[in-house]
Structure formats: C-alpha cells, structure tokens
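So you know, we letter chains A, B, ... as the sequences are listed, proteins then strands, and number each from 1. In this text the structure is predicted, and so the values were computed from the model without any measurement.
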There are 2 protein chains.
Amino acid sequence: MAYGIGEVAARTGLSVHALRFWEREGVFVGPIVRDGGGRRVFSDDDIGWVELCARLREAGMPLEAIRAYADLVRQGPGNEPDRLALLRAHQERIEARMAALSVGLSMISYKVRIYEKRLAEGTAATLWATPPASND
Amino acid sequence: MAYGIGEVAARTGLSVHALRFWEREGVFVGPIVRDGGGRRVFSDDDIGWVELCARLREAGMPLEAIRAYADLVRQGPGNEPDRLALLRAHQERIEARMAALSVGLSMISYKVRIYEKRLAEGTAATLWATPPASND
DNA sequence: GCTTGAGCTAGAGCCCGCTCTAGCTCATAT
DNA sequence: ATATGAGCTAGAGCGGGCTCTAGCTCAAGC
C-alpha cells in the first residue's frame with residue numbers, strides 16, 4: 001500500500017514537519033519514493049521503520065544514533081557486529097537512564113509518603129505545629 | 001559550614017554557571033547569602049537542597065517544576081496539599097517515562113538477541129546467506 | 001475558471017538548559 | 001606592586017529537535 005505524508009503522520013502520531021525533518025536527517029533507510037508531482041509516497045515498510053524510530057525516540061535515543069543505525073542497515077548485510085555494538089550501547093544508555101529515574105522516583109515517593117503522613121496527622125490534629133524541616 | 005560556589009560545584013558535579021543560572025531561575029529556597037564582596041556563600045543546608053535538585057533534574061524534572069516546588073517551600077507551611085499534588089504529578093511523569101524507556105529497551109534487547117543469534121550462526125556457517133529482513 | 005486541500009522547499013524561529021565571553025572586583029601570595 | 005585565582009554581572013551563543021512561515025505546485029470539485 002501507498003500513503004501520503006499526512007496519512008503517515010496521522011498513523012504514527014508524528015507531525016508532517018517531523019517526518020520531513022527526519023528524512024533530511026537521514027533517519028530513513030530506503031530513500032522515500034516520490035510521485036509525479038514530487039510528493040513522498042510511503043510504503044508499509046516505510047511506515048514500519050517510522051514506527052520503529054518513533055519508539056526509539058520515545059526511549060530517548062538521539063536522532064543521530066538512529067541515523068547511524070539506519071546507515072548500517074542501508075549498507076546491507078556484512079556489518080552485523082557494528083549494528084550489534086550500536087544497539088548494545090543504547091541498551092546501556094537506556095538502562096542508565098532508568099536507574100537515574102528510579103533514584104528520582106524513590107526520592108519523590110519518599111517525600112510523597114511524608115506529606116501524606118503529615119496531612120493525615122494534620123486532619124487528625126487540625127493544626128500544623130512546627131513542621132519537620134529536613135530540606136523539605 | 002560555608003562554601004564558595006566553586007566548592008559547591010565540585011561537590012555536586014554541577015558547573016558554577018549552572019548554579020548561578022539556577023539561582024536566577026528561582027530554584028533555591030532561601031536566597032543565597034553574599035559575603036562582603038558580593039560572593040555567594042552556601043551553607044550545608046543550601047548544599048543539601050542543591051543536591052536534591054540535582055537528583056530531581058537527573059530524574060528528568062524540568063527546572064520550572066523544581067522552581068514551583070521551591071516556591072511552595074519558600075512560602076512556608078500551610079500548602080502541603082499543593083506540594084503533594086506537585087510531587088504526585090511528577091511521580092506520574094517519571095513512571096510514564098520509565099514505561100516508555102522499558103518499551104524501547106525491550107525492543108532493542110529483542111534486536112540484540114536476533115543479531116547475536118545471526119552472528120553465532122554466522123561464525124558457525126561462515127556465510128551470511130540472505131538475511132531475514134523484517135525492518136532490521 | 002476558481003477555490004480548496006495536500007504537498008513541496010528553504011530557511012527562520014523556538015524552547016530548554018545550560019555554556020561561554022567580556023569586562024570587572026577582590027584577596028592573597030610573591 | 002603585581003600577578004594569580006576566584007568570583008561577579010549581563011548578555012550572547014549553542015545543540016537538539018522540532019515547528020512554523022512564505023511562497024510555490026498540483027489535482028479535484030463546483
């Protein structure tokens with residue numbers, strides 16, 4: 001099947017601007033086909049790749065990294081070790097990011113518990129007394 | 001104890017530029033004290049707060065959100081429900097972010113497994129045959 | 001024939017969170 | 001006395017990733 005850029009945008013949740021931008025940045029593997037009037041025509045495969053990229057972006061992968069991966073894929077078979085290295089590197093980045101997030105999350109959860117407790121006591125005691133400081 | 005901005009930077013891993021920037025942006029709770037020559041003098045409490053902020057930033061909290069929280073703390077006790085709401089909102093943001101990361105991570109891990117398998121077979125078979133495509 | 005809608009390009013603009021620069025003031029060490 | 005080092009302010013610049021604009025081309029419908 002063939003799709004116009006607008007349809008692809010609608011399907012993937014990206015803007016048409018973003019799609020054109022990604023193309024300029026070399027994020028797509030096969031060059032997007034154009035029709036008689038110069039308009040982009042996306043295939044199902046193209047959409048699959050766009051969706052893959054969208055998910056990688058959501059996972060915080062920089063456009064640059066996606067472009068590098070696309071470059072390898074574009075060059076065809078033979079560079080599997082390079083692709084694997086790239087993927088592993090980003091696996092680690094994501095894991096590091098998640099670790100940082102979970103530190104932050106547990107800090108916030110801790111504070112949430114404290115405030116919930118204070119509030120519960122507050123409604124019980126009706127008064128705020130001198131609040132425990134400790135960097136709030 | 002009292003610390004110069006350089007010491008604080010060294011201890012927290014932030015740059016002196018970033019610290020000054022954060023102050024301008026209202027991220028700090030008490031206004032930072034100045035010495036005779038107009039230089040910032042940080043207390044241990046200040047450092048504690050800076051470290052808290054640093055961790056929140058690492059967890060992806062926007063400066064603006066931290067500033068909002070600092071505003072509430074600065075106003076003193078009485079707005080605990082607001083603080084709690086702010087914290088809960090960011091708890092949810094972090095959870096959402098982690099969910100997105102984990103989707104990306106599992107996609108990448110899946111691909112890593114595929115490439116590892118291909119490579120293992122490759123070293124066994126010495127040849128790359130026609131590779132299974134499926135959007136690489 | 002004319003409008004409407006989708007698409008095109010090149011390039012400007014924007015937001016965030018710094019980072020860097022210029023030009024200055026102090027305190028201290030030599 | 002002067003050189004070094006830390007700090008100061010105001011403001012410019014930057015990188016990433018879009019987003020938006022201007023000015024254009026087409027194709028279809030009325």
Side-chain angles (χ1 to χ4, degrees), chain A residues 1-28 31-43 46-47 50 52-70 90 93-94 97 100-101 104, chain B residues 1-28 31-43 46-47 50-70 90 93-94 97 100 104:
Chain A
M1 274 290 292
Y3 310 86
I5 198 172
E7 257 174 298
V8 178
R11 263 162 202 263
T12 60
L14 296 159
S15 71
V16 299
H17 300 290
L19 287 168
R20 291 196 278 243
F21 178 72
W22 284 14
E23 191 193 31
R24 276 206 286 291
E25 295 295 297
V27 161
F28 298 151
I32 303 296
V33 177
R34 302 301 183 108
D35 70 7
R39 289 165 182 150
R40 291 167 185 84
V41 180
F42 291 75
S43 69
D46 292 333
I47 293 194
V50 170
L52 168 60
C53 294
R55 233 142 271 149
L56 293 174
R57 287 291 302 121
E58 277 160 26
M61 188 177 292
L63 233 40
E64 165 62 24
I66 300 180
R67 200 193 44 67
Y69 185 69
H90 291 290
R93 287 168 51 99
I94 293 180
R97 205 73 251 295
L101 284 181
Chain B
M1 275 291 291
Y3 311 86
I5 197 172
E7 257 175 297
V8 178
R11 263 161 203 263
T12 59
L14 296 159
S15 70
V16 300
H17 300 291
L19 287 168
R20 292 198 276 244
F21 178 72
W22 285 13
E23 191 194 31
R24 276 206 287 291
E25 295 295 297
V27 161
F28 298 151
I32 303 296
V33 176
R34 303 302 185 106
D35 71 5
R39 289 163 180 149
R40 290 167 186 85
V41 180
F42 291 75
S43 69
D46 292 334
I47 294 195
V50 169
E51 274 166 350
L52 168 61
C53 294
R55 234 141 271 149
L56 293 173
R57 287 289 303 122
E58 277 160 27
M61 189 179 288
L63 233 40
E64 164 61 24
I66 300 180
R67 198 193 45 68
Y69 185 68
H90 290 290
R93 285 168 53 100
I94 294 180
R97 204 75 252 294

Establish, with yes or no, whether the OP1 or OP2 oxygen of [N] is under 4.0 angstrom from a side-chain nitrogen or oxygen of [X].
{"X": "A/R40", "N": "C/dG7", "result": "no"}
{"X": "A/R34", "N": "C/dT9", "result": "yes"}
{"X": "A/W22", "N": "D/dG17", "result": "no"}
{"X": "A/R24", "N": "D/dT19", "result": "no"}

*Nucleic acid contacts - residues 11-20 of chain A versus DNA chain D, non-hydrogen atoms under 4.0 Å*: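 Correct list: A/S15, A/H17, A/A18.
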*With sequence neighbours excluded, residues passing salt bridge (charged side-chain N to carboxylate O under 4.0 Å, His left out) with A/E64*: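 A/E64: salt bridge (charged side-chain N to carboxylate O under 4.0 Å, His left out) contacts with A/R67.
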What is the distance, rounded to the nearest whole Å, between atom [atom1] of [X] and atom [atom2] of [N]?
{"X": "B/R67", "N": "C/dG17", "atom1": "CZ", "atom2": "P", "value": "11 Å"}
{"X": "A/D35", "N": "C/dC8", "atom1": "CG", "atom2": "C1'", "value": "10 Å"}
{"X": "A/I5", "N": "C/dG7", "atom1": "CD1", "atom2": "P", "value": "7 Å"}
{"X": "B/L56", "N": "C/dG17", "atom1": "CG", "atom2": "C1'", "value": "16 Å"}
{"X": "A/F21", "N": "C/dC8", "atom1": "CZ", "atom2": "C1'", "value": "18 Å"}
{"X": "B/M61", "N": "C/dC16", "atom1": "CE", "atom2": "C1'", "value": "16 Å"}
{"X": "B/E25", "N": "D/dG11", "atom1": "CD", "atom2": "C1'", "value": "14 Å"}
{"X": "B/I32", "N": "D/dG7", "atom1": "CD1", "atom2": "C1'", "value": "15 Å"}

*Could you check if a side-chain atom of A/F42 sits within less than 4.5 angstrom of a side-chain atom of A/E7, using non-hydrogen atoms only?*
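No; the side chains remain at least 4.5 Å from each other.
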*asked:* For a 4.5 angstrom cut-off between non-hydrogen side-chain atoms, does B/V50 reach B/L14?
replied: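 A side-chain contact under 4.5 Å exists here.
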*Atom CZ in A/R24, atom CZ in A/F21: separation rounded to 0.5 Å?*
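Going from the CZ atom of A/R24 to the CZ atom of A/F21 covers 7.0 Å.
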*With rounding to the nearest 0.5 Å, note down the distance linking CG in A/L19 to CG in A/D46.*
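Between A/L19 CG and A/D46 CG, I get 10.5 Å after rounding to 0.5 Å.
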*Which is true for B/G4 with a 4.0 Å heavy-atom rule: it touches a base, it touches only sugar-phosphate, or it touches nothing?*
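Result for B/G4 = sugar-phosphate.
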*Does A/R57 use its side chain to pair, donor to acceptor, with the backbone of A/M61 at less than 3.5 Å?*
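Checked: pair present.
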*asked:* I'd like to know if the side chain of B/R97 and the backbone of A/E58 have a donor-acceptor N/O pair within less than 3.5 Å.
replied: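 Checked: pair present.
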*asked:* Between the side chains of A/R40 and A/E23, is the shortest nitrogen-to-carboxylate-oxygen separation below 4.0 Å, so that they form an ion pair?
replied: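 Yes, this pair counts.
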*asked:* Testing A/V27, A/L63, A/T12 one by one against A/C53 for a side chain to side chain contact (heavy atoms under 4.5 Å, CB included), which residue passes?
replied: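 Exactly one pass, corresponding to A/V27.
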*Going 5' to 3' along nucleotides 22-27 of chain D, which nucleotides have protein heavy atoms under 4.0 Å from the base (write B), which only from the sugar-phosphate (write S), and which from neither (write -)?*
----B-
